[in-house]
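Throughout, residue positions are numbered sequentially from 1 according to the sequence presented.
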Amino acid sequence: MEKQLLIGNEAIARGLYEAGCRVVSSYPGTPSTEVTETAATYPEIYCEWSPNEKVGVETALGAAIAGARAFSGMKHVGLNVAADPLFTSSYTGINAGMVILVADDPGMHSSQNEQDSRHYAKAAKLMMLEPSDSQECKDYAKLAFALSEQFDTPVMLRLTTRVAHSRSLVELGDREEVALHPYVKDTDKYVMMPGQAKKRHVIVENRVEAQKHWAETADINTVEDNGSKIGVICAGISYQYAQEALGDKVNYLKLGCVYPLPEKLIQGFSHHCDKVYVLEQLDPFLEEYCKTIGVEVIGKEAFTLQGEYSQRLIRKVILGEEYPTVSLDMAIPPRPPVLCAGCPHRGLFYALKKLKVTVCGDIGCYTLGASAPLGMIDTCICMGASVSSLHGRNKANPENETKSVAVIGDSTFIHSGITSLIDIAYNHSNSTVIVLDNSITGMTGHQENPTTGKNIYGDPATAVNLEALAHAIGIQRVRVVDPYQLKECEDVIREELATPEPSLVISRRPCALLKYVKHNPPMKVDTDKCVGCKMCQKIGCPALSIRDKKSCIDFTQCVGCGVCTQLCKFGAIVEGK
């Protein structure tokens, strides 16, 4: 069989392909995005970017009930958005297999919080599998479909950032062509009114008990006996860390199924050890279960509830030994993330800074506007919260209306900003909302969205007209500005803040990194005219720096946007070649 080096997300997609999956519906979110992007490269699978995770799960569930194997993937905070259909899908069950992937982000590499999604599996009473490398990612994706159909339920796959993005060998297999399962109308099963739901709850509880029995002897729950008196219970990436840090100096109980958990297997493993450690990032999910069934373990009191584990930490705690490391005899300078050179959001944020307004921010690359020297994000909570929180702020104190705005990206606006804007229109909120329309979903890697006019394959698609949408929901004042034009942005926002009615400002210019965007020649500094006032540094462009007390432009980064020329009163920044 052919083998390939795949990241975990690519391996999941390969598993979907080999399992005969027909429909994939997801919303992009790091660290889960590449699953759906890779699945879209297989012609046998229909793939789409949904407006949000709730729609993605509902679409996949509809396909599964219709008889096709289906999948929906998201990051951990996206699972919060999808929670409504998630819980009810546990009651309805499926017709053909359905798999729901969630990728947690310990260490918050690209997220606003740390969240342990294993709690969702328990709360929704859905089986959850957790692979530890790319081969298991592919194998568990295929297994999840089989288990889904065996137990008549969606099955969840849990990844963490390191498994999703690390690369290891995967043995490829052939696709199994799974015929559409015939759909039979069954209102008792699929119509969740109270009378039917009460009967389905009984089935759910019986199903969980059957899954517990399966977990006791499942091949993915394995014991490695190395003749040690120290035992380690772990799953996912924690198993890989433990293997590197401890080797064969301990015994392992590696859990591939993290819900429901195998009670007798855990008790039997622990019986042969003098001391048992539970290795798990984030919450004490396994640890609390072990203690509930009478197994004494060492867990969070020796480790941490925060961030990622490391080989050094594990070896130090369990063996009392230092993990060999290589140290550098030099300090590595920090490299905080910044808005890219030529980013259209930069000019807009600079205009807001001049106006000295409070900015309710949102999730996306524009959140970097919170960083110095711009410093123009006051709050960032969750997708769509900028618009809603501005509405609440202004209702709490009408004095805020003329000095507060919300900023939200085009993709985020489609995801969950539309209903918030409806709230503003419906409840007569004198609020100014700014959509940062850069024609792409930027932070997660340039995925299309319903405003771009293209689908996941790059084919032409219906594009949401933001101006028409705003008018349709009751916003009469809609203005469009070019964020490269600083005075225009400042004047329009000032006018809208002063107008006693809700308004939408669309800051429209495509992301500077899009391949089709044609850039101007890079700017250059006339050092004879530059007085070293550093005014141009106030926009925080990474192409600009100070050298020998004069401004300097890195021509390899500069895209010739011209924003900096509008700041220089001495005409020292001119167009280059």
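In this structure, a donor-acceptor pair under 3.5 Å is present between the side chains of E205 and H201. Side-chain atoms of S132 and E136 include a donor-acceptor pair closer than 3.5 Å. Counting only N and O atoms by type, the side chains of E2 and Q4 include a donor and acceptor under 3.5 Å apart. Side-chain atoms of S238 and E280 form no donor-acceptor pair, as typed in the model, at a separation below 3.5 Å. Defined by atom type and a distance below 3.5 Å, a donor-acceptor pair is present between the side-chain atoms of R207 and S90. Using modelled atom types, one finds a donor on one side chain and an acceptor on the other under 3.5 Å when comparing S411 with Y27. For the 3.5 Å distance criterion, the side chains of S111 and K75 qualify, holding a donor opposite an acceptor. Remark: the S26 side chain and the S72 side chain contain no N/O donor-acceptor pair separated by less than 3.5 Å. A donor-acceptor pair shorter than 3.5 Å cannot be found between the side chains of Y140 and Q135. Residues Y323 and E321 have side chains that never bring a donor and an acceptor to within less than 3.5 angstrom of each other. Side-chain N/O atoms of S388 and S420 include a donor and acceptor closer than 3.5 Å. A side-chain donor-acceptor contact under 3.5 Å links T444 and Q447. Side chains of D105 and T161: a donor on one and an acceptor on the other come within 3.5 Å. Using a 3.5 Å distance cut-off with no hydrogens or angles, the side chains of D104 and S117 do pair a donor with an acceptor. Donor-acceptor pairing under 3.5 Å is recorded for the side chains of E53 and H415.
Applying the 6.0 Å contact sphere to CZ of R175 captures more than 12 heavy atoms from other residues, nucleotides or ligands. Other residues, nucleotides and ligands contribute at most 12 non-hydrogen atoms within 6.0 Å of the CD atom of Q306. Atom NZ of K300 is surrounded by more than 12 heavy atoms from other residues, nucleotides or ligands within 6.0 Å. For N206, the CG atom is densely surrounded, since the number of other residues' heavy atoms within 6.0 Å is greater than 12.
A heavy-atom distance below 4.5 Å is found between the side chains of R158 and R118. Between L319 and L246 there is a side-chain heavy-atom pair separated by less than 4.5 Å. Within the 4.5 Å cutoff, the side chain of H446 has heavy atoms near those of the C511 side chain. With a 4.5 Å cut-off on side-chain heavy atoms, I318 and V250 count as touching. Using a 4.5 Å heavy-atom threshold, the side chains of I293 and I266 count as touching. Looking only at side-chain heavy atoms (C-beta outward), C360 and V407 stay at 4.5 Å or farther from each other. I100 has its side chain within reach of M98: a pair of non-hydrogen atoms, C-beta onward, lies under 4.5 Å apart. With contacts defined as side-chain heavy-atom distances shorter than 4.5 Å, the pair L261/L255 qualifies.
In this structure, OH on Y252 lies 13.5 Å from CD1 on I233, to the nearest 0.5 angstrom. Atom NE2 of H165 is separated from atom CG of N9 by 5.0 Å, given to the nearest 0.5 angstrom. Between D152 atom CG and I203 atom CD1 the span is 8.0 Å, to the nearest 0.5 Å. Between the OG1 atom of T160 and the CD atom of E130 there is a distance of 6.0 Å, given to the nearest 0.5 Å. Put simply, OH on Y366 and CG on D410 are 8.5 Å apart, with the number rounded to the nearest 0.5 Å. Atom-to-atom distance recorded for Q115:CD and L79:CG is 6.5 Å, nearest 0.5 angstrom.
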Worked verdict on N113 versus H76 for side chain to side chain donor-acceptor pair (under 3.5 Å): CA-CA 9 Å; N113 65 32; H76 61 291; 3.2 Å; yes
Using salt bridge (Lys or Arg N to Asp or Glu O under 4.0 Å), reason through E58 and K54 one step at a time and then give a plain yes or no. CA-CA 6 Å; E58 291 164 347; K54 178 178 183 290; 2.5 Å; yes
So K254 and E224, salt bridge (Lys or Arg N to Asp or Glu O under 4.0 Å) or not? Walk me through it. CA-CA 8 Å; K254 176 181 176 295; E224 298 177 28; over 6 Å; no
Passes ring-ring contact (aromatic ring centres under 6.0 Å, His included), Y17 versus Y42? Steps please. CA-CA 7 Å; Y17 166 77; Y42 296 108; 4.5 Å; yes
Test log, rule salt bridge (Lys or Arg N to Asp or Glu O under 4.0 Å), inputs E288 and K291: CA-CA 5 Å; E288 290 175 354; K291 292 178 178 178; over 6 Å; no
For salt bridge (Lys or Arg N to Asp or Glu O under 4.0 Å), just list the numbers for E308 and R162, CA-CA rounded to whole Å, side-chain angles, deciding distance to a tenth of an Å, and then say yes or no. CA-CA 10 Å; E308 296 182 289; R162 299 297 180 182; 2.8 Å; yes
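A distance-only check finds a donor-acceptor pair linking the side chain of D116 to the backbone of D283 [under 3.5 Å]. A donor-acceptor contact shorter than 3.5 Å is absent between the side chain of E287 and the backbone of V297. The closest donor-acceptor contact from the side chain of S134 to the backbone of L5 lies at 3.5 Å or more, if one exists at all. In this structure, N251 contributes its side chain and S228 its backbone to a donor-acceptor pair below 3.5 Å. The closest donor-acceptor contact from the side chain of S270 to the backbone of Q267 lies at 3.5 Å or more, if one exists at all. Of the possible donor and acceptor atoms, one in the side chain of N221 sits under 3.5 Å from a partner among the backbone N and O of A215. Judged purely by atom type and a 3.5 angstrom limit, N95 uses its side chain to pair as donor or acceptor with the backbone of I65.
Minimum interatomic distance between E48 and S25 (heavy atoms only, all atoms of both residues): OE2-OG, 3.0 Å. Closest heavy-atom contact between N226 and D248: CB-O, 3.3 Å. Minimum interatomic distance between F145 and G97 (heavy atoms only, all atoms of both residues): CE2-O, 3.6 Å. Closest approach of C137 to A11, counting heavy atoms only: CB-CB, 3.8 Å.
Using a 4.0 Å cut-off between charged side-chain N and carboxylate O, E18 and K142 make a salt bridge. Remark: R69 engages E149 in a salt bridge, criterion side-chain N to carboxylate O under 4.0 Å. A salt bridge is defined here as a Lys NZ or Arg NE, NH1 or NH2 lying under 4.0 Å from an Asp or Glu carboxylate O, and E171 with K138 fails to meet this definition.
Exactly one of V24, V23, T36 qualifies for a side chain to side chain contact (heavy atoms under 4.5 Å, CB included) with I45. That residue is V24.
Judged by the 6.0 Å and 45° rule, K122 forms no cation-pi pair with Y259.
Classified by interplanar angle (parallel below 30°, tilted 30° to 60°, perpendicular above 60°), the ring pair F87/Y120 is perpendicular. Ring geometry for H119 versus F285: interplanar angle over 60°, hence perpendicular rather than tilted (30 to 60°).
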